[in-house]
Amino acid sequence: MFDKLDAVVKRFETITERLADPTLYDRPDELRQINQERTSLEPVVQKYQEYKKRKADIAGNKELLLTEKDEDMREMAKEELAELEAGMPALEHELKLLLIPKD
């Protein structure tokens, strides 16, 4: 799944770079097609970025639990970690749904 998501992000970045080409605006049909493709990929890219940020936040909280001496900070990190981990299955499910080809 993550290989496919990485490929979608790469394609999205490629399309975004193509939109920066001023000569593209001389070809309205191609411009429309590229814009449509970018628009269809954007929700997947945004959700994947959200997923990666959440994974990084989880890793950061786990690291904090290992290194932090202040018990109040450790307790806050535990609570936040529990919330972040609880939301991961739903986020993964949303990503899987977004990867299903549209008919």
Student check: side-chain heavy atoms of L64 and M76 closer than 4.5 Å: no
Salt bridge present between R54 and D57 (N-O < 4.0 angstrom): no
I58 to L84 - nearest heavy-atom pair and separation: CG1-CB, 3.6 Å
Atom pair CG (L91) and CE (M88), whose distance is rounded to the nearest 0.5 Å: 6.0 Å
Co-membership, hydrophobic cluster, residues M73 and L81, 4.5 Å side-chain: no
Side chains of Y48 and V8 in contact at under 4.5 Å (non-hydrogen atoms): no
Nearest-0.5 Å distance that lies between atom CE in M1 and atom NZ in K4: 11.0 Å
Closest non-hydrogen atom pair between T16 and R38, with its separation: OG1-NE, 3.0 Å
Residue pairs fulfilling salt bridge (charged side-chain N to carboxylate O under 4.0 Å, His left out) with at least one residue in residues 84-95, sequence neighbours excluded: K47-E94, K62-E85
Spacing of OG1 belonging to T14 relative to CG belonging to L41, to within rounding of 0.5 Å: 10.5 Å
Close side-chain approach of L31 to D26, heavy-atom, < 4.5 Å: no
Check: F2 and Y51 side chains under 4.5 Å, non-hydrogen atoms: yes
Heavy-atom pair with the smallest gap, counting every atom of L65 and A77: CD2-CB, 4.0 Å
Distance, nearest 0.5 Å, that separates CD of Q36 from CD1 of I15: 11.0 Å
Beyond-backbone contact of R11 with V45, side-chain heavy atoms, under 4.5 angstrom: no
Inter-residue atom distance T39.OG1 - I34.CD1, 0.5 Å rounding: 11.5 Å
Value rounded to 0.5 Å, distance of CD in E37 from CG in N35: 10.5 Å
Of all pairs that satisfy side-chain hydrogen bond (donor to acceptor under 3.5 Å, both in side chains), the ones with a partner from residues 65-75, not counting sequence neighbours: none
Counterpart residues, side chain to side chain contact (heavy atoms under 4.5 Å, CB included), relative to L97 (two or more places apart): H93, I100
Salt bridge (Lys or Arg N to Asp or Glu O under 4.0 Å) between R18 and D21, worked out: CA-CA 5 Å; R18 285 185 67 194; D21 178 9; over 6 Å; no
